[in-house]
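Remember, it's 1-based here, ligands and their atoms both numbered in the order they're listed.
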Amino acid sequence: MLTELKEKVYQANLLLPEYNLITFTWGNVSGIDREEGLIVIKPSGVEYDELTSDQMVVVNFDGEIVEGNLNPSSDTATHIELYKAFPDIGGIVHTHSPWAVSFAQAGLDIPAAGTTHGDYFYGSIPVTREMKKDEIQVDYEKQTGSVIIETFNKKDINPNQVPGVLVNDHGPFTWGDSPAEAVHNSVVLEQVAEMTYHSLQLNAENIQMSQSLLDKHYLRKHGKDAYYGQGK
Ligand SMILES: O=C(CO)[C@@H](O)[C@H](O)COP(=O)(O)O
C-alpha cells in the first residue's frame with residue numbers, strides 16, 4: 001500500500017540525521033495521499049539507522065492504523081490536525097533541532113531578519129502560546145495541532161507563506177508540498193534560528209529586515225502567483 005509515498009517519507013526521514021536536525025530518535029516526517037485520505041509517518045522510537053521503507057506506518061485521519069506492524073509516531077495526532085487545516089501541504093516534519101528549540105523554549109518568534117529567512121518564510125516564524133493544563137493532560141499531541149492552527153488564524157498568517165512554527169516549550173514543525181520540501185524548510189528554519197540568535201546578540205535594535213526587501217526576496221523565490229505582498 002502507498003509504496004511510492006512510503007519510500008518518499010522514508011528518504012525524507014533519513015535526511016534528518018544527514019542535516020543534523022535530530023539526535024537519537026527525536027523527530028519524525030510524514031507525507032499524505034489526499035486522494036486516499038491516508039497519511040504515511042515514521043514509526044515511533046525507531047532509530048534512523050535501523051529504519052526501512054516498509055516500516056512506515058499508514059494511518060487514516062482518525063489516527064487508526066491502516067497498515068503497519070509498528071506504532072506510528074507519538075506526534076501523529078499533530079500531523080493529522082495540520083493536514084486537515086492546511087489543505088495545500090503534502091509533507092510535515094517535526095524535530096528538536098537545538099536553535100529552533102531555543103527560541104521555542106524562550107517563547108520567542110523568529111523575526112524575519114534577512115534574505116535567507118525571506119526566501120522561505122514571508123514574515124516571522126511564530127511561536128505558539130503556552131498550552132493550558134487540560135490541553136496538556138487530555139490530548140497533548142492533538143491540542144498541539146490545534147494551538148498551531150489557532151496561532152496562524154489569530155495572526156492571520158498564510159501557512160503556504162510561512163511553512164513552519166515553533167511549539168512553545170517543545171520545538172519546530174515545518175511543512176511543504178512534499179516530505180522532501182518540508183525537510184528543506186526544517187533545515188532553513190534551524191539555520192535562520194542560529195543566525196538570528198547571533199544577530200540579536202550583535203545588535204537587537206537592527207534585527208527586522210525591511211518589508212520591501214522581504215517582498216522582493218519572497219517574490220524572487222516563489223513567483224508572482226505566490227506573492228501576497230503587502231509591501232510597496
Ligand atoms: O517531541 C517528542 C517527544 O518530546 C517526539 O517528537 C519524539 O522526539 C519523537 O517521537 P516518535 O516520533 O519517535 O514517537
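- Checking side-chain atoms of T78 against main-chain N and O of K142 turns up no donor-acceptor pair under 3.5 Å.
- A donor-acceptor pair under 3.5 Å is absent between the side-chain atoms of Q55 and the main chain of P43, judged by distance alone.
- Side-chain atoms of H117 and H217 include no donor-acceptor pair closer than 3.5 Å.
- Sequence neighbours left out, not one pair with a member in residues 36-75 passes ring-ring contact (aromatic ring centres under 6.0 Å, His included).
- Using a 4.0 Å cut-off between a side-chain N of Lys or Arg and a carboxylate O of Asp or Glu, K6 and D54 do not qualify as a salt bridge.
- Without hydrogens or angle criteria, S210 side chain to L213 main chain gives a donor-acceptor distance under 3.5 Å.
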Kindly print each ligand 1 N/O atom paired with any protein N/O atom under 3.5 angstrom away, one pair per line, or none if nothing qualifies.
from: ligand 1; atom 1: 1 (O); to: H94; atom 2: NE2; distance (Å): 3.2
from: ligand 1; atom 1: 1 (O); to: H96; atom 2: NE2; distance (Å): 2.7
from: ligand 1; atom 1: 1 (O); to: H170; atom 2: NE2; distance (Å): 2.7
from: ligand 1; atom 1: 6 (O); to: D75; atom 2: OD2; distance (Å): 2.4
from: ligand 1; atom 1: 6 (O); to: H94; atom 2: NE2; distance (Å): 3.2
from: ligand 1; atom 1: 8 (O); to: G27; atom 2: N; distance (Å): 3.4
from: ligand 1; atom 1: 10 (O); to: S74; atom 2: OG; distance (Å): 3.2
from: ligand 1; atom 1: 12 (O); to: N28; atom 2: ND2; distance (Å): 2.9
from: ligand 1; atom 1: 12 (O); to: S73; atom 2: OG; distance (Å): 2.7
from: ligand 1; atom 1: 13 (O); to: G45; atom 2: N; distance (Å): 2.8
from: ligand 1; atom 1: 14 (O); to: S44; atom 2: OG; distance (Å): 2.6
from: ligand 1; atom 1: 14 (O); to: S74; atom 2: N; distance (Å): 2.7
from: ligand 1; atom 1: 14 (O); to: S74; atom 2: OG; distance (Å): 2.9

